[in-house]
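Shown next, in structure tokens, is the structure this report addresses.
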Amino acid sequence: MSTEKHDPLILVVEDEPKLAQLMIDYLQASNYRTHHIGNGSEVLSYVQQTPPDLMLLDLMLPGRDGLTLCREIRRFSELPIIMVTARTEEIDRLLGLEIGADDYICKPFSPREVVARVKTILRRVKRTPEEAQQASHLVIDEGRFQATWREQQLELTPAEFRLLKTLALEPGKVFSREQLLNHLYDDYRVVTDRTIDSHIKNLRRKLESLDAEQPFIRAVYGMGYRWEADVCRIL
């Protein structure tokens, strides 16, 4: 019996045919079904009639732009949306919950990165809260001031522990260096943005020493950092 109908359906909304076909080829090679729309005016009716599992939505489209479409879809659907943009000045709006996008990708991009983002978001949204708790590889014990990754203890400084907790509690959210500094210190000490970079470097090194294959913390150019792994469990 064919299982094709059970494969996730990805809606690719992109008006550049070659770029759209590149994404489609890589998605299909990863066993995703795809549907392509090149004009923004056709998106809402398709989403309502044939709800996809995830949508890759270009920002600049003929007919109706991506920002408008995302806002309108959020009025009736929690469909995961990854915005695709070449306009880096729009990134703060894309992730600032103003329109409800789940993630963004900047042009030019690697099609393998697109597939990786799709997989990450689909894993996240398909889990029930109970499943997410059970699948959490990161456990933070606030009472004991300890953190473990896949039952392996992390030896962290107080600043690294607070940094890990801040990022991991909201996976996918981009934190600026200033926001992270505010979570790390409450004694108004004078520190620079580079302090965060140093802590991030040390925290990454400790995490990757336990699991070299797992992406943990992603630097978002010009904005800050975000947690890329699964949600954590707090004790």
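As the structure is a prediction and not an experimental result, all values here were calculated from the model.
One finds a salt bridge joining E228 and R226 here, because a Lys/Arg side-chain nitrogen approaches an Asp/Glu carboxylate oxygen to under 4.0 Å. Remark: R74 engages D102 in a salt bridge, criterion side-chain N to carboxylate O under 4.0 Å.
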| said: Please evaluate residues I81 and L69 with respect to the criterion side-chain contact (heavy atoms from CB on, under 4.5 Å), reporting the C-alpha separation (whole Å), side-chain torsions for both, the decisive distance (0.1 Å), and the verdict. | reply: CA-CA 10 Å; I81 299 174; L69 284 168; over 6 Å; no
| Could you go step by step and tell me if D211 and F216 meet the side-chain contact (heavy atoms from CB on, under 4.5 Å) rule? | CA-CA 9 Å; D211 190 343; F216 288 102; 4.0 Å; yes
| How far apart are the C-alpha atoms of L164 and W227, what are their side-chain angles, what is the distance that settles it, and do they pass the side-chain contact (heavy atoms from CB on, under 4.5 Å) test? | CA-CA 9 Å; L164 176 64; W227 181 255; 3.6 Å; yes
| Where do L54 and I10 land on the side-chain contact (heavy atoms from CB on, under 4.5 Å) test, with the steps shown first? | CA-CA 5 Å; L54 183 144; I10 311 301; 3.9 Å; yes
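With a 4.5 Å cut-off on side-chain heavy atoms, L163 and Y225 do not count as touching. Residues T157 and N202 are not in side-chain contact: their nearest non-hydrogen atoms beyond the backbone lie 4.5 Å or more apart. Using a 4.5 Å cut-off on side-chain heavy atoms (C-beta onward), L180 and H199 make no contact. Looking at T120 and D103, their side chains never come closer than 4.5 Å, going by heavy atoms from C-beta outward. Using a 4.5 Å heavy-atom cutoff, the side chains of L79 and L11 are not in contact. With a 4.5 Å cut-off on side-chain heavy atoms, F161 and I140 count as touching. Using a 4.5 Å cut-off on side-chain heavy atoms (C-beta onward), F175 and T166 make contact.
If you run side chain to side chain contact (heavy atoms under 4.5 Å, CB included) between M55 and each of V43, I37, V12, only V43 comes through.
The two atoms that bring L156 and A147 nearest to each other are CD1-CB, 4.1 Å, heavy atoms only. Across all their heavy atoms, P8 and D53 have their closest contact at CA-OD2, 3.2 Å. Of all non-hydrogen atoms in P51 and L9, the two that sit nearest each other are O-CD2, 4.5 Å. Scanning all heavy atoms of the two residues, the minimum distance from N39 to P62 falls at OD1-O, 3.2 Å. Shown here for P158 and F145, the closest heavy-atom pair between the two residues is CA-CE2, 3.6 Å. Heavy atoms only, all atoms of each residue included: F109 and E113 are closest at CB-OE1, 4.3 Å.
Within the model, atoms SG of C70 and CG of L59 stand 10.0 Å from one another, a figure rounded to the nearest 0.5 Å. We find the CG-NZ distance between L138 and K165 to be 12.0 Å, quoted to the nearest 0.5 Å. If you take CD1 on I121 and CD1 on I82, they are separated by 3.5 Å, rounding to the nearest 0.5 Å. Separation of atoms OG1 (T85) and CD1 (I105) is listed at 11.0 Å; rounding is to 0.5 Å. Distance check: W149 CH2 to L207 CG gives 8.0 Å after rounding to the nearest 0.5 Å. Rounded to the nearest 0.5 Å, atoms CD (E151) and CG (L210) are 12.5 Å apart.
Checked against side-chain hydrogen bond (donor to acceptor under 3.5 Å, both in side chains), K119 has no partners two or more places apart in sequence or in another chain. Legend: residues meeting side-chain hydrogen bond (donor to acceptor under 3.5 Å, both in side chains) with S77, ordered by chain and number and at least two apart, are absent. Under the side-chain hydrogen bond (donor to acceptor under 3.5 Å, both in side chains) criterion, D15 pairs with no residue, sequence neighbours left out. Applying the side-chain hydrogen bond (donor to acceptor under 3.5 Å, both in side chains) test to E170 and every residue at least two apart in sequence or in another chain returns nothing. Contacts of H35 classified as ring pair (Phe, Tyr, Trp, His ring centres under 6.0 Å), with partners at least two apart in sequence or in another chain: Y46. Partners of R112 under the salt bridge (Lys or Arg N to Asp or Glu O under 4.0 Å) rule, at least two apart in sequence or in another chain, do not exist in this structure.
For the residue pair E178 / N182, no side-chain donor-acceptor distance below 3.5 Å is found, with atom types taken as modelled.
Judged by distance alone, with hydrogens and angles left aside, the side-chain atoms of Q179 form a donor-acceptor pair with the main-chain N or O of S176 at under 3.5 Å. Side-chain atoms of S198 do not come within 3.5 Å of backbone N or O of T195 as any donor-acceptor pair. At least one donor-acceptor pair closer than 3.5 Å links the side chain of E14 to the backbone N or O of E16. The backbone N or O of Q21 lies less than 3.5 Å from no partner atom in the side chain of H36, so there is not a single donor-acceptor pair. Side-chain atoms of K107 never come within 3.5 Å of backbone atoms of V84 as a donor-acceptor pair (strictly under, hydrogens ignored). A donor-acceptor distance shorter than 3.5 angstrom exists from the side chain of R117 to the backbone of Y104, with no hydrogens or angles considered. The main-chain N or O of L61 is never found under 3.5 Å from a side-chain atom of D58 such that the two would form a donor-acceptor pair.
Around NZ of K201, the count of heavy atoms belonging to other residues, nucleotides or ligands within 6.0 Å does not exceed 12.
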